[in-house]
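Working notes for the structure below.
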Amino acid sequence: NPDDEIQPFPLPDLAPPITQLLDQAYLTEPERRDIRIRHGVWEAADLSDPASTARAALLIGALSDPALADPQANPLDRAEASIKRGNPRPALDLLTGIESLRAARLRAQALTDLGQTQLAIDALQPLIEQLTSREIVDADELVEGVRGLLIVTRLRGEGDRPGTDYRASLSMLAKARDQLDRLSWNATLAEAQLLYEKDNYREAGQALETTLRLNPSCADAWFLLGRITVDGFDFPQAESVAARLDTLAQPAVSPYAGMIRAAVRLRQNEGEAAEQQLAPVLASYPDMRPALALHAAAAAGRFDFDQAQRRLDAFDALSPQSPDAYLAVGKAMASARQYEEAARFLKVAADRAPNWPEPIIELGLSQLQAGNNDAAFDALEKAAGIDVFNVRAANSLTLLNDLRAYAWLESDHFIVRYKPGVDEVLAREMLEPLESIFTRVTGSQAGGIDHAPAHKTVVEVYPDHRTFGVRITGMPQLHTIAAATGPVIAMEAPREGPGHFGTYNWARVVQHEYTHTVTLSRTKNRLPHWFTEASAVYLEDSPRDYNAIQLLTRAYETDT
């Protein structure tokens, strides 16, 4: 059905100051052309030479454009494209003799991709000295300084002054954005990247909104927006962002679109489908590091751990001791509720990057989903010590501390945990219906799973939506009211008022989620997402709602 095709994410309106600037009579045509290219609104005639064509190709993510190999193009653009394609050695050759802050950042990125961590840190030393010894009055150069600082912080940490680099980076970006160039989309993009590094998705999204109004053709901004939507489980929007990236890069293959679609499918526990999305990306860019990391994760996502290890070893041959591929595999295993496997891969990533909090945070959150609260607390406390501004780590630590004060009630097959207070009324009413749910879901009658988990299932009742969201993702925003992570079912208390999603039939919802728990237990968490979802919907034992009846009627009447 053509109506079901995914439409590209709508382009934002161009910021009025840019439109007003382009209308100024004092501009020469070359100046106007340069502004159009800089802000991603060029016309075909504007790309009349290799340098401008390469600049535009890099911007939209058309990394295979021949202009990016043309000697007349800017060597910095060519080097950046080479690094993004997964070819850091040619990039280092292109950067020889160039001493700008952008060159220093690119040189460090290339050396990092080659596994030469100490050389990467050394390459950034001139950048750090320039940031501290002289006033930088070019907005783009100051932004490059911040990007370089982000790399060196990840590689060597901040020692006994956690948070210093982050505060300094925000200050420099504010100067670039508010004093040096109020139309600098590069500054707001770097701000979004920095906030995303801290898992501050809300403010990162706001910075991306500004970025795309200043430059609607910026593939890096669209790609980051896609990653945020995947992290927030907003898969339809992620697919729409991927479609926008395809539109930008056409007729070239957009590697960013393919990676977003692969990430969606990994979140849906569809490893084979993720591989299919990555196939055209890797055909065009066989050494692209982020795509190769996802490729290893896709093999693990279809539970072929031998193949996953071969891909991890191949990644190591390109980037020795890199944490990136192990992190991607660990995250995929946590999403697939393979918590022991997730811990194995994430611990390798954390050992390889002891100053980078992300692998440690992912390890802590996966342990939280598995119900191993003490192990989760240890990992997240360590991560918070490295990065005092990380939102997910702080949120989850607060939750774990609160959980220590929760009360609990037990029945034959369930433990109900709740915050002391008004929710005790609900918790005490839950035990008898929960045992009826156990009998139905684990039984062998129509649709029953004919299997009982080996241990009691913990049902956690959270007093508001924010706390529930943090329990599932480490973030307060989540578009659901209950979720099963395997041995644990978390639910928001059904209540009206601010901070709540409203009342709902909790027994029906928990019966759905407990079906996930039982199907995951029977298959050792290894079954397609659609399969466990179908079982859960069937075992709700509820009549079809009117929307479902309409859909079925329309399908019958149109023979589709």
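Quick caveat, the model's predicted, so the values are computed rather than measured.
Atom-to-atom distance recorded for L173:CG and Q193:CD is 9.5 Å, nearest 0.5 angstrom. Interatomic distance, L225 CG to L212 CG, rounded to the nearest 0.5 Å: 7.0 Å.
Looking only at distances, a side-chain donor or acceptor of Q24 sits under 3.5 Å from a matching main-chain atom of Q20. With S240 contributing its side chain and P236 its backbone, the two residues share no donor-acceptor pair below 3.5 Å. Listed for the R182 side chain is a donor-acceptor partner under 3.5 Å among the backbone atoms of D178. In terms of modelled atom types and a separation under 3.5 Å, the side chain of E141 and the main chain of L101 share a donor-acceptor contact. Judged purely by atom type and a 3.5 angstrom limit, T153 uses its side chain to pair as donor or acceptor with the backbone of L149. Side chain of W222 to backbone of P216: a donor-acceptor contact under 3.5 angstrom is found. A donor-acceptor contact shorter than 3.5 Å links the side chain of R289 to the backbone of D287.
In this structure, N355 has no side-chain contact (heavy atoms from CB on, under 4.5 Å) partners at least two apart in sequence or on a different chain. With sequence neighbours excluded, no residue satisfies ring-ring contact (aromatic ring centres under 6.0 Å, His included) with F315. Residues meeting the salt bridge (Lys or Arg N to Asp or Glu O under 4.0 Å) test with R227, sequence neighbours left out: none. Looking at residues two or more places apart in sequence or on another chain, you find a side-chain hydrogen bond (donor to acceptor under 3.5 Å, both in side chains) between E275 and R302, R311.
Enclosure of atom CZ in R89 is not indicated, since only 12 or fewer non-hydrogen atoms of other residues, nucleotides or ligands lie within 6.0 angstrom. A 6.0 Å sphere centred on CD of Q206 holds more than 12 heavy atoms belonging to other residues, nucleotides or ligands. Under a cut-off of 6.0 angstrom, the local environment of CG in D23 is crowded, with over 12 non-hydrogen atoms contributed by other residues, nucleotides or ligands.
The pair E80-R85 does not meet the salt-bridge criterion, since no charged nitrogen lies less than 4.0 angstrom from a carboxylate oxygen. For the pair D220 and K84, the salt-bridge criterion is met [side-chain N within less than 4.0 Å of a carboxylate O]. Looking at R102 and D77, a side-chain N of the basic residue comes within less than 4.0 Å of a carboxylate O on the acidic one, giving a salt bridge. Of the charged side-chain nitrogens involved, at least one lies within less than 4.0 Å of a carboxylate oxygen, so that R33 and D49 count as a salt-bridged pair.
Remark: of the listed residues R352, K331, R154, K331 is the sole one forming a salt bridge (charged side-chain N to carboxylate O under 4.0 Å, His left out) with E358.
The closest side-chain heavy-atom distance from L150 to D165 is not below 4.5 Å. Under the 4.5 Å side-chain criterion, counting only non-hydrogen atoms from C-beta, L248 is in contact with S217. Side-chain contact between K175 and E135: present, with at least one pair of heavy atoms (C-beta onward) separated by less than 4.5 Å.
Side chains of D231 and Y196: a donor-acceptor N/O pair is present below 3.5 angstrom, by distance only. A side-chain donor from one of T28 and E31 sits under 3.5 Å from a side-chain acceptor of the other. Checked by atom type, the side-chain pair N200/R392 shows no donor-acceptor distance below 3.5 Å.
Seen from the ring of F235, R267 does not count as a face-on cation partner, given the 6.0 Å and 45° thresholds.
Residue pairs meeting the side-chain hydrogen bond (donor to acceptor under 3.5 Å, both in side chains) criterion with at least one partner in residues 249-263, sequence neighbours excluded, are D246-R261.
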What pairs of donor and acceptor atoms, side-chain ones from residues 55-66 against any protein atom, are under 3.5 angstrom apart with sequence neighbours left out?
from	atom 1	to	atom 2	distance (Å)
R55	NH1	D34	OD1	2.8
D65	OD1	A67	N	2.9

